[in-house]
A.B. asks: 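The following block contains the structure, expressed as structure tokens.
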Amino acid sequence: MYEADTIAAISTALGEGAIGIVRLSGPEAIEIADRISKGKNLTKVESHTINYGHIVNPQTQATIDEVMISVMKAPRSYTCEDVVEINCHGGIIAVRSILDLVLDEGARLAEPGEFTKRAFLNGRIDLSQAEAVMDLIESKTELARQASVNQLQGSLSDKISQLRQKMLNTLAQVEVTIDYPEYDEVEELSTQKLQQTAQDVQTDLKNILNQASQGRLFREGIQTAIIGRPNVGKSSLLNRLLGSEKAIVTDIEGTTRDTIEEYLNLGGVPLKLVDTAGIRETDELVEQIGVEKSRQLILEADLIILILNQAEELQATDIDLLKQTQDQARIILLNKSDLDQKIDENQLKKYSQPSEWIPTSMALDANVDQIQAAIQAKFFQGEVQAQDVNYLLNSRHTHLLRQANQALEEVQEACEMSLPVDLIQIDFTRAWDLLGEIIGESFQDELLDKLFSQFCLGK
């Protein structure tokens with residue numbers, strides 16, 4: 001058990017609300033709460049009970065608030081320590097006053113994510129599950145929430161643990177053979193065993209990595225840049241997709257001078273829409289900055305929605321954008337389909353495929369629904385379900401998985417070269433260690449500090 005002092009923090013968002021919660025965790029959590037409360041003796045109540053009472057200033061005996069106090073005794077709590085949650089009336093003053101009393105009685109203000117960090121250090125969850133807690137908090141859609149819950153329940157950690165156990169069994173067999181070097185055939189069999197296990201584990205790692213991109217989309221959303229010349233309908237499209245007037249729409253060129261970012265729930269997957277400044281040559285400094293920012297976002301986007309005015313001939317800027325985005329996932333909207341068509345489709349075919357085109361009219365709301373269907377088909381081949389993403393990988397997981405895969409590749413090469421077993425074993429063990437870093441079997445304090453500092457205070 002991780003030895004620690006008693007920490008406290010506000011676990012609900014600051015502001016007016018029905019309920020506010022002050023959470024304590026540590027060896028003195030129950031005693032501290034009992035000293036500032038009037039009602040039942042909290043040191044004698046049953047675990048996992050909620051108890052009515054009042055918070056009272058021990059010095060002045062002034063009543064601070066009427067509360068309900070939850071008591072959860074170790075090890076059956078979120079942190080595996082004694083945990084107390086004081087449920088008071090929402091509002092900054094009441095919650096702050098109770099937190100101040102708790103700190104005056106000997107608790108320490110928790111660091112961001114420290115409750116979850118203690119849950120990890122005390123063995124209740126592994127590191128990948130701890131990261132899933134933050135993914136759950138930040139979920140922007142129902143499917144993202146479900147995928148986060150899957151990982152919190154151990155989808156990734158169970159798989160990694162199985163692979164590590166398989167590798168450990170092989171390492172144990174190899175260690176035995178090293179003790180009996182006089183048997184040549186044993187050396188050969190050990191090499192074969194290492195090679196076969198390395199191949200099997202690599203197959204599983206590649207399957208996990210294949211889900212990395214979809215896992216990232218669940219977590220971060222599809223970064224979507226809406227681009228085009230001024231006045232082709234970019235801001236109108238943003239407003240239509242969101243169902244509200246988020247962007248200013250006028251006939252004046254250069255109205256949008258900076259990017260506008262909004263999230264859209266697309267069939268359970270968050271779509272991060274970025275309405276960019278219209279791309280054109282301009283002498284206006286602020287607009288120049290916006291245009292340059294738009295060009296940078298094109299390079300960073302997962303998806304491009306390029307809007308062309310089909311009521312005009314292709315302009316030089318249109319052709320430049322068509323060329324620039326040819327190798328990216330994109331949808332091309334031929335907007336203003338309610339007007340006479342002047343765009344040359346044969347010229348357009350030089351830089352795009354007709355399958356990328358969707359005729360639209362922002363003025364008439366025509367075919368906007370086809371845009372969402374096209375995005376789903378492009379990224380998920382239609383409908384996507386949470387169970388389709390078993391592993392909600394982040395960049396840390398992906399990096400370690402690739403390193404482990406590379407180490408196993410080196411095992412394969414060493415086996416082909418008939419190197420001694422003890423040398424092959426070094427890379428094999430390194431892969432085993434790298435997988436352990438994913439679930440926190442091995443870690444550095446600096447890593448934990450960095451990971452948990454991203455959590456909100458009180459979680």
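As the structure is a computational prediction, the values presented were derived from the model and not from experiment.
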A.B. asks: On a heavy-atom basis, which atom in A107 and which in I32 lie closest, and how many Å separate them?
C.D. replies: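 Taking A107 first and I32 second, the nearest heavy atoms are N-CD1, 3.7 Å.
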A.B. asks: When rounded to the nearest 0.5 angstrom, what is the spacing between OG in S11 and CZ in F115?
C.D. replies: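 Answer rounded to 0.5 Å: 5.5 Å.
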A.B. asks: Testing the basics here: between K349 and P354, what is the closest heavy-atom pair and its distance to 0.1 Å?
C.D. replies: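 Reported closest heavy-atom pair: CE-CG, 4.0 Å.
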A.B. asks: Surrounding CG of D327 (heavy atoms of other residues, nucleotides or ligands, distance under 6.0 Å), is the total greater than 12?
C.D. replies: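 Counting neighbours around CG of D327, 12 or fewer heavy atoms of other residues, nucleotides or ligands fall under 6.0 Å, so no.
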A.B. asks: Can you tell me how far CG of N51 sits from OG of S70, rounded to the nearest 0.5 angstrom?
C.D. replies: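 Between atom OG of S70 and atom CG of N51 there are 8.0 Å.
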A.B. asks: Between D427 and V411, is there a donor-acceptor pair closer than 3.5 Å when you use the side chain of the first and the backbone of the second?
C.D. replies: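 Absent.
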A.B. asks: May I have the step-by-step check of side-chain contact (heavy atoms from CB on, under 4.5 Å) for I358 and L334, ending in yes or no?
C.D. replies: CA-CA 6 Å; I358 298 178; L334 304 181; over 6 Å; no
A.B. asks: Could you state the interatomic distance from CE (M72) to CD1 (I30), rounded to the nearest 0.5 Å?
C.D. replies: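 So the CE of M72 and the CD1 of I30 are separated by 9.5 Å.
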A.B. asks: With distance as the sole test, does E441 use its side chain to make a donor-acceptor pair with the main-chain N or O of G436 at under 3.5 Å?
C.D. replies: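 Pair absent, no side-chain N/O of E441 close to backbone of G436.
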A.B. asks: Taking 4.0 angstrom as the limit, do R430 and D433 come out as a salt bridge?
C.D. replies: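 No salt bridge links R430 with D433.
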A.B. asks: Report the C-alpha separation of M167 and L435 in whole Å, then their side-chain angles, then the decisive distance to 0.1 Å, and conclude whether the side-chain contact (heavy atoms from CB on, under 4.5 Å) test is met.
C.D. replies: CA-CA 10 Å; M167 296 173 73; L435 294 179; 3.8 Å; yes
A.B. asks: Any ion pair linking E114 and R118 (charged N to carboxylate O, less than 4.0 Å)?
C.D. replies: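 A salt bridge links R118 with E114.
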A.B. asks: Among T360, N335, D318, I331, which residue meets the side-chain contact (heavy atoms from CB on, under 4.5 Å) test with I307?
C.D. replies: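 When T360, N335, D318, I331 are each tested with I307, the side-chain contact (heavy atoms from CB on, under 4.5 Å) holds only for N335.
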A.B. asks: Could you go through the salt bridge (Lys or Arg N to Asp or Glu O under 4.0 Å) check for D320 and K323 one step at a time?
C.D. replies: CA-CA 5 Å; D320 178 54; K323 290 179 178 179; over 6 Å; no
A.B. asks: With side-chain contact (heavy atoms from CB on, under 4.5 Å) as the criterion, how do L408 and V201 come out once you've worked through the C-alpha distance, each side chain's angles and the decisive distance to 0.1 Å?
C.D. replies: CA-CA 8 Å; L408 293 173; V201 173; 3.6 Å; yes
A.B. asks: Would you give the length of the straight line joining atom CD of Q412 to atom CG of L194, rounded to the nearest 0.5 angstrom?
C.D. replies: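 Reported to 0.5 Å precision, the distance equals 10.0 Å.
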A.B. asks: Could you check whether any side-chain N or O of E356 sits under 3.5 Å from a backbone N or O of Q353, counting only pairs where one atom can act as donor and the other as acceptor?
C.D. replies: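 Yes, E356 side chain to Q353 backbone: donor-acceptor pair under 3.5 Å.
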A.B. asks: Which heavy atom of S352 sits nearest to which heavy atom of L348, and what is that distance?
C.D. replies: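 So the minimum-distance heavy-atom pair works out to OG-O, 2.9 Å.
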A.B. asks: Supply the atom-to-atom distance W357 CH2 to Q370 CD, rounded to the nearest 0.5 angstrom.
C.D. replies: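 Interatomic distance, W357 CH2 to Q370 CD, rounded to 0.5 Å: 14.5 Å.
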A.B. asks: Roughly how far apart are L127 CG and K117 NZ, rounded to 0.5 Å?
C.D. replies: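 Answer for the CG-NZ pair, L127 versus K117, is 11.0 Å.
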A.B. asks: So which of L303, D302, I304 actually passes side-chain contact (heavy atoms from CB on, under 4.5 Å) with Q223?
C.D. replies: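 Of all the options given, the one that passes is D302.
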A.B. asks: Check this for me: does any side-chain nitrogen of one of D5 and R108 sit under 4.0 Å from a carboxylate oxygen of the other?
C.D. replies: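 The answer is yes: the pair qualifies as a salt bridge.
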A.B. asks: Could you check whether atom NE2 of H399 has more than 12 heavy atoms from other residues, nucleotides or ligands sitting under 6.0 Å from it?
C.D. replies: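 For H399, atom NE2 is not crowded (no more than 12 foreign heavy atoms under 6.0 Å).
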A.B. asks: Can we say E131 and R396 salt-bridge, meaning some charged N sits less than 4.0 Å from an Asp/Glu carboxylate O?
C.D. replies: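 Salt bridge: yes.
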A.B. asks: Do I36 and E105 have side-chain heavy atoms sitting under 4.5 Å apart?
C.D. replies: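 SC-SC contact between I36 and E105 confirmed.
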A.B. asks: How close do S25 and V83 get, heavy atom to heavy atom, and via which atoms?
C.D. replies: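 Where S25 meets V83 most closely, the heavy atoms are OG-CG2, 3.8 Å.
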A.B. asks: Does T325 offer a backbone N or O that forms a donor-acceptor pair with the side chain of Q328 under 3.5 Å?
C.D. replies: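 No, because the side chain of Q328 does not come within donor-acceptor range (under 3.5 Å) of the backbone of T325.
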A.B. asks: Evaluate L24 against D82 for side-chain contact (heavy atoms from CB on, under 4.5 Å), listing each step before the verdict.
C.D. replies: CA-CA 8 Å; L24 298 87; D82 287 344; over 6 Å; no
A.B. asks: Within the side chain of T12, is there an N or O that forms a donor-acceptor pair under 3.5 Å with the backbone of I21?
C.D. replies: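 Between the backbone of I21 and the side chain of T12 there is a qualifying donor-acceptor contact (under 3.5 Å).
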